[in-house]
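Data first, discussion second: the structure below is written as structure tokens.
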Amino acid sequence: MLGVIGGSGLYQVDDINILDEVNISTPYGEPSDRYIIAEYRGKKAVFLPRHGKGHKYPPHLINYRANIWGFRKLGVDRILSVSAVGGINPLLKPGDFVLSDQFIDFTKVRPVTFYEGVYTIYDETDGKDDLVSEYLKNNRVVHIDVTDPFCSSMRKTLSDILDEKGYRYHKKGTYIATEGPRLETSAEIKAFSILGADIVGMTLVPEIVLARELSMHFASINVVTNLAAGISGERLTSDEVIQMMKEKNDQIKEIILSFIEK
Ligand code: HPA
């Protein structure tokens, strides 16, 4: 089943049937909100607003482990994430979509793994889960491979959808993840550009890492809401981020519905 992480209201669409709304407790605490299980044209998907109701959790305080664990508990094996980013690469314009294919991690103080000790995962599943059994059998430190962290097949589907719709987008891009909640200095953005980053945001890490630890496929639709610090010469405001996400909301919904259908 597909899981969608994004803003609230992405499932408020005429053709979507809400089947259930579930609260899930996890060994890592509470997820950001209830999970909405919905059906669209015979296909099911689960939705979760990353920042919770009323945007109550800032990026550095989101319980990413609980969010991803909850999806897994509901049977989700593919996650489509929607996020706002600043554009670093000069080819990017506000309003563009970017299908990121790499990330660089500049976060600092977030729990980044489920694998903190032999029994942490075992307790929850009774060892019935294949993935967990494997972990237990090996009984060792786990270093997952993230050479290519994003799912190429999900990215291809997104790219086909964006081609069909005719929306301006970029087929690949390196996402640099910052700790936040402050925005970046212009010197940081210059440095990130030299490192090869195309877009900057505060939520991809550890979301993708945790999903990969639980063997889920992951893809991201990044919306360039603003040019990153120091690029336009203007100060950045949260308003421009919120405003652009509002403007792109209908297009994002269309992309997600097409994705659910495919
Ligand atoms: N920096 C970090 N995160 C962001 C930005 C930005 O410029 N825009 C939207 N999310």
Side-chain angles (χ1 to χ4, degrees), residues 4-10 32 48-52 54-64 67 79-110 112 149-150 167-170 172-209 218-253 255-256:
V4 180
I5 309 181
S8 46
L10 286 178
S32 296
L48 181 73
R50 179 186 287 117
H51 296 277
H55 212 91
K56 67 179 166 191
Y57 300 113
H60 63 301
L61 295 179
I62 291 169
N63 192 339
Y64 294 97
N67 288 354
I79 290 185
L80 182 56
S81 128
V82 179
S83 41
V85 294
I88 298 177
N89 186 317
L91 295 174
L92 301 179
K93 292 192 193 148
D96 286 0
F97 292 105
V98 180
L99 305 179
S100 41
D101 65 329
Q102 282 292 327
F103 71 77
I104 299 172
D105 181 12
F106 263 72
T107 63
K108 298 187 178 92
V109 296
R110 307 172 180 198
V112 292
F150 293 88
Y167 301 152
R168 213 181 118 91
Y169 79 103
H170 305 267
K172 57 185 196 155
T174 295
Y175 179 125
I176 196 154
T178 57
E179 184 60 37
R182 69 166 176 86
L183 291 159
E184 300 72 36
T185 64
S186 52
E188 283 171 331
I189 293 299
K190 243 184 239 159
F192 294 163
S193 168
I194 293 165
L195 289 178
D198 300 298
I199 50 181
V200 56
M202 301 175 193
T203 56
L204 178 72
V205 181
E207 206 164 76
I208 187 171
V209 176
F218 192 102
S220 216
I221 307 171
N222 303 286
V223 181
V224 178
T225 52
N226 57 282
L227 299 181
I231 294 181
S232 74
E234 306 283 327
R235 286 167 66 89
L236 299 181
T237 65
S238 305
D239 284 353
E240 62 189 300
V241 174
I242 294 164
Q243 183 57 33
M244 181 57 80
M245 285 310 269
K246 267 197 195 136
E247 276 173 37
K248 301 301 278 187
N249 197 38
D250 287 348
Q251 292 186 356
I252 294 167
K253 278 186 188 175
I255 297 165
I256 291 171

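Numbering of ligands and ligand atoms starts at 1, following listing order. Positions are given from 1 along the sequence.
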Heavy-atom pair with the smallest gap, counting every atom of [X] and [Y]:
| X | Y | result |
| --- | --- | --- |
| R50 | I5 | CB-CG2, 3.6 Å |
| V112 | V209 | O-CG1, 3.7 Å |
| G180 | M202 | CA-SD, 3.6 Å |
| T178 | R110 | O-NH2, 3.4 Å |

Can you list the atoms of ligand 1 that are under 4.0 Å from a heavy atom of M202? 2 (C), 3 (N)

Please indicate whether any nitrogen or oxygen in N226 is less than 3.5 Å from any nitrogen or oxygen in ligand 1. yes

Geometric N/O contact G86 with ligand 1, under 3.5 angstrom: yes

Of the options N222, V223, I199, which is the one that meets S83 in a side chain to side chain contact (heavy atoms under 4.5 Å, CB included)? N222

Would you mind checking which non-hydrogen protein atom is closest to [atom], with the distance to 0.1 Å?
| atom | answer |
| --- | --- |
| atom 6 (C) of ligand 1 | L183 CD2, 3.6 Å |
| atom 3 (N) of ligand 1 | G201 CA, 3.5 Å |
| atom 1 (N) of ligand 1 | E184 OE1, 2.8 Å |
| atom 4 (C) of ligand 1 | V200 O, 3.7 Å |

Test I252 against F97 for side-chain contact (heavy atoms from CB on, under 4.5 Å), laying out the working first. CA-CA 9 Å; I252 294 167; F97 292 105; 4.0 Å; yes

Geometric class of the F103/F150 ring pair [parallel <30°, tilted 30-60°, perpendicular >60°]: perpendicular

Restricting to heavy atoms, the pick from A84, G87, P59 nearest atom 10 (N) of ligand 1 would be A84

Note: T225, heavy atoms under 4.0 Å from ligand 1, region reported as side chain

